[in-house]
There are 2 protein chains.
Amino acid sequence: MTGQVRTVDGRVAGRRGQATRQKLLDCLGEMLSTSPYRDVKVIDVARKAGTSPATFYQYFPDVEGAVLELAEEMAKEGATLTDLVADRSWAGKSGTAAAEDLVEGFLSFWRKHDAILRVVDLGAAEGDKRFYKIRMKILNSVTNSLTEAVKEQQAKGRIDEDLNPGAIAGSLVAMLAAVAAHQKGFQSWGVKQADLRPSLTWLVHLGITGRKPPK
Amino acid sequence: MTGQVRTVDGRVAGRRGQATRQKLLDCLGEMLSTSPYRDVKVIDVARKAGTSPATFYQYFPDVEGAVLELAEEMAKEGATLTDLVADRSWAGKSGTAAAEDLVEGFLSFWRKHDAILRVVDLGAAEGDKRFYKIRMKILNSVTNSLTEAVKEQQAKGRIDEDLNPGAIAGSLVAMLAAVAAHQKGFQSWGVKQADLRPSLTWLVHLGITGRKPPK
DNA sequence: ACTTGTCCTGTCATGCCGTCAGCTTACCGA
DNA sequence: TCGGTAAGCTGACGGCATGACAGGACAAGT
C-alpha cells in the first residue's frame, strides 16, 4: 500500500534519512504550535532541526507538503476516535455515559493536535481536497456511527423522520470540533472549561436521542 | 471615537488616499477568496490594484494588518446578526421561526464572508487577541441573546439549572459557524445543502428550549 | 582500499519583503 | 496667478526565503 518512503528526487530513504525526515516533521509540528501558520518558514524548521533548508526540500516539496504528512500521521491516530462511539448504547444512563465519553475523547484529541488541526481546518475550508480528505478521515468514523445511532432513534419515532441523520450527526461533530478549536475563546467569554463539557454532553445526547439525559 | 484614517507614517489620508486604500482592501478580499491565505503576497495585491508594493505599506503594516481592517469592516455588518435573535419568542411556532431565521441568517452571512472569516477563525484559534476580539464582536450579540433565552427556559424548569447557559449558547453558535465554514464539506458526505438547514434548525431549537419544535 | 549508493550542504539565481528618498499631484491662501 | 505645503506615489535597494544543483561526506558491502 504505502511502499517505501521516498525523497523528492526519487531515491529510497534509508535509516538515517528517515530519521532526519522525522526530525524535520517533529520540528515543524513544534513550530506550528508556537508561530502562526503563515509565518512558518522552511529555513526556521531546518535550523531548529540542526540541518539546512536544502535537506528539507529533499524530503518535502514545501511547507504545505510536510504539513500534509504530519496530518496523515495524526489521522492514523484519529482512527481511535471510532472506539468512542462504536457499539455504544444510547439508552438510559449508558446513553449519558456514551455522550460524556464522546465529548471528552473528542476534546482531548483536539487539544492534543490543535496546531495541525487548525491548519487542516483552514486547508479544508479553502477547498483543498487533500486537507479535506484528511479531515474527513478523522471525522468520518465518528460521524458514521452517530448517523446510525440517529437512524435507530428515528425508527423508534423519537426523531422526525424527515430530518437527515447524516446532517444531524455531521453538525454535532462540527460543533465538537469547533468548540475544541476555540476552547480558549470561551474562557474570556466567562465560560469556564468545566462548564463546557456538561453542556456539550447534554447537547449531544439531546441531538442523538431527541431526549434529555436522565438525572 | 475613530478619528481620521491615517497612513503608517502618520499623515492623514485624504479623498484620493482613502480611495486607493479601499481599492487595496477590495483586491485583498478578492485574493483571499481565490488563493490560500498563506500564498497571498503583498506584491500580488498591489499589482491587482494597479499600484506598487510601496503604496501598500503606506496604508498597512503587512498583509495581516490589512486583513484585520477587512475583518473590522465585516464585523460592523455582522452587528445586523443581532436582529436575528433580539426580542424573539421561543415559544410554540414562533420558536420554530426564530430558529429558522437564525440558522438562515447565520449561514448566509458566513457564505458571504467566508474568505475573511476563515482567516479570522485561524487567527483566533492561533491565539491572536486581535482576531479573537473581532470574532467575539461578531458572535457576541447572538450568543448573549441566546444565553438570555436559555436562562428563561431554565427558569421554566425545561433545562437543567446546573448547565451553564453561556456554554450552551456558545456551543450552538460555534456549531453554526463551523457548519457554515464547511458547507461544501457536507456535500461530498452525501448530505445535501437543503438537508442541512432543517437539521440545524431542529438542533438549535432543541438546545435553546429543551424541546422539539412543534409540527 | 575500493566501489556504490545514500545523505547532506555550499552555492547560486530568483523573487518577495519592507524602507527610504525623492518625485508628482492636489489643495489653499496671498 | 503663483508659490507653498502636505498628500500621494514609486523606483531602487539591502536583506532574506525559496528552490535547484552539483559535489563532498559517510556507511556498507566486496
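To find a chain, count down the sequence lines: A is the first, B the second, and so on, and within it residues start at 1.
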Evaluate the side chain to side chain donor-acceptor pair (under 3.5 Å) criterion for residues Asp26(A) and Gln22(A): first the C-alpha distance (whole Å), next the side-chain angles of each, then the deciding distance (0.1 Å), finally the verdict.
CA-CA 6 Å; Asp26(A) 293 343; Gln22(A) 191 57 48; 3.2 Å; yes

On the nucleotide dT9(C), are OP1 or OP2 found under 4.0 Å from the side-chain N or O atoms that Thr51(A) carries?
yes

Which is more 5' along DNA chain D, the nucleotide nearest Val12(B) or the one nearest Thr55(B)? Just name the residue.
Val12(B)

Identify which nucleotide among dC21(D), dC17(C), dC20(C) has an atom closest to any side-chain atom of Lys41(B), counting heavy atoms from C-beta outward.
dC17(C)

Arg38(B) vs Gln18(B), nearer the 5' end of DNA chain D by closest nucleotide
Gln18(B)

For Asp62(B) and dT19(C), what is the distance between atoms CG and P respectively, to the nearest whole Å?
10 Å

Rounded to whole angstrom units, what separation is found between the CZ atom of Arg47(B) and the C1' atom of dC9(D)?
17 Å

Check whether the ring centres of Phe109(A) and His113(A) lie less than 6.0 Å apart, and answer yes or no.
yes

Residue closer to the 5' end of DNA chain C, Arg16(B) versus Gln58(A) (nearest nucleotide):
Gln58(A)

Length of the CG-P vector between Asp9(B) and dC20(C), whole Å:
10 Å

I want to verify a distance call: between dC9(D), dA7(D), dC17(C), whose nearest atom is closest to the Tyr59(B) side chain?
dC9(D)

Just how far, in rounded Å, is P of dC16(C) from CZ of Phe56(B)?
15 Å

If the threshold is 4.0 Å, N to carboxylate O, is there a salt bridge linking Glu64(A) and Arg38(B)?
no

Is the distance from OP1 or OP2 of dC27(C) to the nearest side-chain N or O of Arg15(B) less than 4.0 Å?
yes

dG11(D) P sits how many Å from Ile43(B) CD1, rounded?
11 Å

Which one of Lys41(B), Arg47(B), Lys48(B) satisfies the salt bridge (charged side-chain N to carboxylate O under 4.0 Å, His left out) criterion with Asp44(B)?
Arg47(B)

Ring-plane angle category for Trp110(A) and Phe106(A), please: parallel below 30°, perpendicular beyond 60°, tilted otherwise.
parallel

Whether Tyr57(B) contacts dT19(C) is assessed here as follows: a side-chain N or O lying under 4.0 Å from the phosphate OP1 or OP2. Is that the case?
no

If the cut-off is 4.0 Å, is Ser52(A) near the phosphate of dC8(C), judged by side-chain N/O to OP1 or OP2?
no

Would you mind reading off the distance between Met31(A) atom CE and dA17(D) atom C1', rounded to a whole angstrom?
14 Å

Find the distance Arg11(B):CZ to dA21(C):P and express it as a whole number of Å.
13 Å

Is the shortest side-chain N/O distance from Thr7(A) to OP1 or OP2 of dC7(C) below 4.0 Å?
no

Here the distance between atom P of dA7(D) and atom CZ of Arg21(B), to the nearest Å, is 15 Å

Are any of Thr20(A)'s side-chain N or O atoms less than 4.0 Å away from OP1 or OP2 of dC8(C)?
yes

